Amino acid sequence: MQKVIQCIDALLINTFFDPDEYWQSLEVAHNLVFGYGYMTWEWKEMIRSFLHPLIFVVTFKLLDILHLDTTYLMIVVPKLVQGIISAIGDYYLYKLSIQIFNKQVAKWALVCQLVSWYMFVCIVRTYSNSIECVLFIVSLYYFPLYEKLPQYQKHSKPKLSIALTAIAFLIRPTTAIMWIYILPYHIVSLYNKHKQHDAIKRILKFIIIDVLCTGIIILLISLCIDYYFYGQLVLVPYNFLYFNVIKNVSSFYGTHPFHWYFSQGLPAIAFTSLLFFVLAIKKLWSNGVDKQQLNLSFLTIFTVFCYSLLGHKEFRFILPILPIVMMYSGYYINSTLTSNHSNSNKSKSTQQTNEKSMPSFWIIFLLLLNIPMTVFFSNFHQRSPIDIMHYVNQEISPLATIDNPISIHLLMSCHATPHQSYIHNPNIDFKLLECPPPLNANDPIDEKTEFFNDPLLFMEKHYNQDKDYQFPNYFIIRDDLIDTLDQYLVLNHYKSIHTFNFPLDITSSIVYVRQKQFK
């Protein structure tokens, strides 16, 4: 049932949220399987592992072998695959919540997870952060984090947990932040739980056999996969850290102050569940329960703090800890509703409570506040980029053949739409403005920056004088540039034929076609 819900969720998403949804997975996979498309600078500099795109390489290859690689299925099937992956994450969140609390808490944790606007909108997208989130929750379930809890011991499989963590680390090295907290905590727990001699033996076994040996095996597999696709031996995590930390390339895409995750990031994505999360910590702490049940809440705070030390911040970076917020929210909601129900069965004369609980009505109301957010971000916010792709598939792609190739140039922010993974037509030359970061001091200014500095000068300089730029059959232009470029386009025999202007969408665009282009 959960798989069905998440697959439906994936199909209901009709908006564009972030370029990496396509450019770190689907576009890479399409290029590898079909031999055409576009690869961003990250793959040229080898800072990404092919482990994540490999999921969709297999998906596209199966469609190709079965001759089912129609444009419709090329768009829909990866969504269904990601929906199934997301459902696995939900399932393990449910199981993890049972282990730490009980079934009733687990049910409410799952409700919070499914109702959450950010989880609904993002977990079913093909982000590397989405697969990282799922791998993290599954690895937590199998990790011996709560050995004192009897229900936890029989599911403990540290080698499997470390293997999944290693895969997540190779996909997104920042996964290490969460395990900087978990691994030392477990080692200290082993030392405190057993006699000194036995504790040292267990710690060494855990570090050498469970962590190092398992991690090395996964690393070797990853090296082989990346060697196959890159054609040379590459240690991707090193390249990732070198470019993003040492060279600080990530700051090219924007920076935020230290407090941003605490003041904006986490409150925005957790939304009303953040209140439940805070109240759950307060309730557990004041009730004097086994502090192990609070451990993952401390992990959440630690993770947000560590991410706050990084200059470049994005909402999706802290996606992996959001299910933990939902689990504690489930605990608070269950305990509060149980308390309210219990109190309602007592007479007023005997009703006594040491703690004021939130009324049940407000709990349901706060949960339902996610619904308008879900509808807006899944069907209105940044819808134009996806509508552009559907328009190209319906109106332009059928005209493109081997004898009559068609060129389309996008004049908007780089990577603002999907590419060939949504068009799947080798007879369409789909060009976008390049925007690689300045990796060296003498690197020239990128196309996107040059264009937005002076759009008209860019057009006259390149399309009228540069032999590398040919006037395309179509321009698709961001609507705020029309006043600047409309006259220029008309003088060069273009006319507007379609406007993407969905209500409440902030990414409107206009299609221009060059007249008398088809015989």
Side-chain angles (χ1 to χ4, degrees), residues 16-24 27-28 37-48 239-240 242-257 260 310-317 382 384-385 388-389 407-420 429-472 474-489 492 494 500 505-512:
F16 181 94
F17 212 64
D18 187 273
D20 288 352
E21 176 185 356
Y22 309 98
W23 296 97
Q24 289 183 10
E27 296 301 334
V28 180
Y38 179 88
M39 301 274 275
T40 62
W41 70 273
E42 298 164 299
W43 302 93
K44 297 170 186 176
E45 298 295 336
M46 298 178 287
I47 72 167
R48 300 289 179 189
N239 287 349
F240 180 91
Y242 174 74
F243 278 96
N244 286 298
V245 178
I246 298 175
K247 297 194 75 169
N248 197 28
V249 169
S250 60
S251 64
F252 175 77
Y253 298 100
T255 59
H256 292 87
W260 187 83
L310 304 175
H312 179 60
K313 299 175 176 67
E314 295 185 33
F315 293 111
R316 60 192 173 89
F317 288 176
Q382 296 193 115
S384 175
I388 287 172
M389 294 296 103
S407 54
I408 305 171
H409 290 191
L410 297 180
L411 298 180
M412 56 185 67
S413 184
C414 61
H415 312 125
T417 68
H419 201 255
Q420 283 289 356
D429 176 21
F430 204 70
K431 179 177 172 55
L432 47 87
L433 295 171
E434 299 269 4
C435 60
L439 302 178
N440 302 293
N442 58 348
D443 281 353
I445 188 172
D446 63 272
E447 279 186 324
K448 186 199 80 170
T449 302
E450 182 186 359
F451 173 76
F452 281 101
N453 282 344
D454 193 330
L456 189 57
L457 178 62
F458 179 93
M459 300 296 286
E460 292 173 343
K461 174 183 174 182
H462 292 288
Y463 285 98
N464 293 106
Q465 302 173 25
D466 192 340
K467 292 182 180 179
D468 293 334
Y469 284 75
Q470 300 292 326
F471 279 106
Y474 294 87
F475 276 117
I476 302 179
I477 304 174
R478 211 169 69 184
D479 67 346
D480 61 322
L481 298 168
I482 299 305
D483 290 341
T484 304
L485 296 178
D486 184 72
Q487 186 176 357
Y488 170 84
L489 292 170
N492 285 280
Y494 286 89
F500 302 98
D505 185 13
I506 63 171
T507 55
S508 301
S509 305
I510 296 178
V511 180
Y512 280 80

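Hydrogens, waters and symmetry mates play no part in the numbers below; they use all other heavy atoms, side chains included. This structure is a prediction, so every number in the text was calculated from the model and none was measured.
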* Is it true that atom OH of Tyr253 has more than 12 heavy atoms of other residues, nucleotides or ligands lying nearer than 6.0 Å? -> yes
* Asked: Looking at residues at least two apart in the chain, or sitting in another chain, which of them share a side chain to side chain donor-acceptor pair (under 3.5 Å) with Glu434?
  -> Tyr38
* To do: Test side-chain contact (heavy atoms from CB on, under 4.5 Å) on Ile388 and Met412 and set out the steps.
  => CA-CA 12 Å; Ile388 287 172; Met412 56 185 67; 4.0 Å; yes
* Structure fact -> Taken to the nearest 0.5 Å, the spacing of Glu27 CD from Thr40 OG1 works out to 10.0 Å
* Considering all heavy atoms, the nearest Gln24-Trp43 contact -> O-CZ2, 3.8 Å
* To do: List for me each residue that meets side-chain contact (heavy atoms from CB on, under 4.5 Å) alongside Gln487, sequence neighbours excluded, and say none if there are none.
  => Leu491
* Non-neighbouring partners of Phe240 that pass ring-ring contact (aromatic ring centres under 6.0 Å, His included), sequence neighbours left out -> none
* Structure fact -> Rounding to 0.5 Å, atoms CZ (Arg478) and CD1 (Ile510) come to a distance of 12.5 Å
* side chain to side chain donor-acceptor pair (under 3.5 Å) with Lys431: which residues, sequence neighbours excluded? -> none
* Asked: Have Tyr469 and His409 got a donor and an acceptor in their side chains that come within less than 3.5 Å?
  -> no
* Which of parallel (below 30°), tilted (30 to 60°) and perpendicular (above 60°) describes His312 and Phe317? -> perpendicular
* To do: Using side-chain contact (heavy atoms from CB on, under 4.5 Å) as the criterion, point out the one residue from Asn492, Ile408, Leu411 that pairs with Phe475.
  => Leu411
* Asked: Of all residues at least two apart in sequence or in a different chain, which pass the side chain to side chain donor-acceptor pair (under 3.5 Å) check with Glu21?
  -> Arg125
* Structure fact -> CE of Met39 to CZ of Arg48, rounded to nearest 0.5 Å, is 12.0 Å
* Would you please name every residue forming a side chain to side chain donor-acceptor pair (under 3.5 Å) with Thr449, sequence neighbours left out? => Asp446
* Modelled atom types, side-chain donor and acceptor of His462 and Glu447, under 3.5 Å -> no
* **Rounded distance (nearest 0.5 Å) linking atom CD1 of Ile47 with atom CH2 of Trp41** => 4.0 Å
